[in-house]
*Asks:* 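So that we are looking at the same thing, I have put the structure below in structure tokens.
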Amino acid sequence: MKEIPGVDGPPALPWRVRLFVTAALLPVALFTVACLLYNAPASPVQARLARPVNDVMAPYFSQDWELFAPTPGTSNDLLYLEVTMRRAGSGTTVQTKPLEIEGAIDRTPRDRRWNPTKLPGVVLAFQENAADYARQFSQIDENYPADERAAQKKALLKRYTPTFQELQRFLSVRAASLYPDAKIIAVRGTFKQQPIVPFSQRYERPAPRQPVTGILKTAWMAYVPGVAN
């Protein structure tokens, strides 16, 4: 191939183009690294970087079983939080009134579309477990002799202890966010359910009132310090 005299090679790209290409490739490189660490076997490096990696992967790319629900919901699940605490500068212990926290959690994906969250799915899982626990608890009274019920209820609680421990941590985080200056002592959750108003009745005046049904109220659980961090 004949070379043209005086030409050393293709002209260099302008610095603005090089800067743009570098800026465009940087997120791709970071995402690739996050994917590798997210799917890599457990290791000390993965453990140290788990939090930033999960912050990238979980909101956008983790599987959400809600996508595969076979039928639309027919009821609103409600979760009420109660807190025993001492307010800042006070030595008196107070108990808050039940505060419904499910609605605010359900709104977060719509309020923050640029940074979605899996919290609604987490709370939905708690609701499902609470309903299962309450159903099995009542079945013990129906299906077992009186002298066997205590042992069966103890075994049932043992099976659900990991779920209640996660709920304890979750409620502790919510309590810390709601009462940041208070010394929180204990938390308690109450699960309730309310039927959704049928579409054909949504514009009636006065609006139809749907009854709220209690599902399960937990015992008081000690606040988990530092879990909100």
Side-chain angles (χ1 to χ4, degrees), residues 38 41-43 46-47 50-51 54 58 62-70 73-86 93 95-106 117-179 182-194 212-229:
Y38 188 77
S43 67
Q46 189 191 47
R51 185 166 184 173
N54 286 332
S62 63
Q63 181 174 337
D64 190 342
W65 66 269
E66 289 177 83
L67 294 175
F68 308 103
T74 58
S75 62
N76 291 318
D77 295 316
L78 308 173
L79 175 56
Y80 293 82
L81 169 66
E82 295 174 83
V83 178
T84 299
M85 64 183 185
R86 287 194 291 270
T93 300
Q95 179 181 326
T96 65
K97 293 181 178 180
L99 176 65
E100 207 288 306
I101 62 175
E102 173 90 19
I105 293 172
D106 286 344
T117 174
K118 296 293 182 182
L119 277 179
V122 172
V123 182
L124 184 62
F126 284 139
Q127 291 280 2
E128 187 73 18
N129 284 320
D132 286 343
Y133 178 85
R135 176 177 51 80
Q136 294 181 52
F137 190 91
S138 64
Q139 287 176 346
I140 290 174
D141 290 332
E142 297 171 1
N143 300 327
Y144 285 89
D147 59 342
E148 296 182 17
R149 292 172 188 169
Q152 291 296 327
K153 291 177 179 179
K154 184 178 180 180
L156 176 65
L157 179 59
K158 184 177 180 179
R159 291 200 304 272
Y160 277 83
T161 292
T163 296
F164 288 124
Q165 289 175 340
E166 286 301 314
L167 177 64
Q168 178 184 11
R169 295 170 63 84
F170 179 81
L171 294 179
S172 295
V173 172
R174 304 310 292 179
S177 66
L178 290 168
Y179 309 104
K183 178 176 176 56
I184 302 172
I185 301 170
V187 293
R188 178 166 68 178
T190 301
F191 295 91
K192 296 185 179 182
Q193 199 171 66
Q194 184 180 38
V212 177
T213 305
I215 298 176
L216 178 71
K217 177 181 285 189
T218 72
W220 283 102
M221 299 177 287
Y223 171 72
V224 183
V227 70
N229 300 324

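When a residue number appears, it is its place in the shown sequence, counting from 1.
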*Asks:* If I compare all heavy atoms of V187 with all of A175, which pair ends up nearest, and what's the gap?
*Replies:*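 Result for this residue pair: CG1-CB, 3.9 Å.
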*Asks:* Once you round to the nearest 0.5 Å, how far does CG of L124 lie from CD1 of I105?
*Replies:*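 The distance works out to 11.5 Å.
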*Asks:* Between CZ of F137 and CG of L157, what distance do you get to the nearest 0.5 Å?
*Replies:* 9.0 Å
*Asks:* Return the minimal non-hydrogen interatomic distance between V212 and Q194, and the atom names on each side.
*Replies:*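 Shortest heavy-atom separation between V212 and Q194 comes out as CG2-NE2, 3.6 Å.
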*Asks:* Does some side-chain heavy atom of I140 sit less than 4.5 Å from a side-chain heavy atom of E148?
*Replies:* no
*Asks:* Can you name the closest pair of heavy atoms from A176 and Y223 and give their distance?
*Replies:* CB-OH, 3.7 Å
*Asks:* Counting only N and O atoms by type, is there a donor-acceptor contact under 3.5 Å from the side chain of R86 to the main-chain atoms of K183?
*Replies:*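 Between the backbone of K183 and the side chain of R86 there is no qualifying donor-acceptor contact (under 3.5 Å).
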*Asks:* Determine whether F126 and L79 satisfy the following criterion, side-chain contact (heavy atoms from CB on, under 4.5 Å), listing intermediate values before the conclusion.
*Replies:* CA-CA 9 Å; F126 284 139; L79 175 56; 5.6 Å; no
*Asks:* What distance separates E82 CD from T218 OG1, expressed to the nearest 0.5 Å?
*Replies:*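 The distance works out to 8.5 Å.
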*Asks:* How long is the span from the OG1 atom in T96 to the CZ atom in R188, to the nearest 0.5 Å?
*Replies:* 9.5 Å
*Asks:* Just so I know, are the side chains of T84 and W220 near enough to count as touching, which here means a heavy-atom distance under 4.5 Å?
*Replies:* yes
*Asks:* Considering all heavy atoms of both residues, which atom of K192 and which atom of Q127 are nearest to each other, and what is their separation?
*Replies:*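 Nearest heavy atoms, K192 then Q127: O-OE1, 4.2 Å.
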*Asks:* Say you draw a straight line from OG1 of T163 to CZ of F170; how long is it, rounded to the nearest 0.5 Å?
*Replies:* 13.5 Å
*Asks:* Keeping the roles fixed (side chain from E100, backbone from E102), state whether a donor-acceptor pair exists under 3.5 Å.
*Replies:* yes
*Asks:* Compare every heavy atom of I101 with every heavy atom of R174, then report the nearest pair and how far apart it is.
*Replies:* CG-CD1, 4.1 Å
*Asks:* Side chains of L167 and F191: does their closest heavy-atom pair fall under 4.5 Å?
*Replies:*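 Sidechains of F191 and L167: in contact.
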*Asks:* Step through the shown structure and confirm whether more than 12 heavy atoms of other residues, nucleotides or ligands are within 6.0 Å of CZ on R169.
*Replies:* no
*Asks:* With heavy-atom distances below 4.5 Å as the criterion, would you say the side chains of Y160 and D132 are in contact?
*Replies:* yes
*Asks:* Do any N or O atoms from the side chain of T190 and from the backbone of Y80 form a donor-acceptor pair under 3.5 angstrom?
*Replies:* no
*Asks:* Testing the basics here: between M85 and I184, what is the closest heavy-atom pair and its distance to 0.1 Å?
*Replies:*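 Reported closest heavy-atom pair: CB-CA, 3.9 Å.
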*Asks:* Nearest 0.5 Å, please: how far is CZ in R135 from CG in L216?
*Replies:*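 Interatomic distance, L216 CG to R135 CZ, rounded to 0.5 Å: 13.0 Å.
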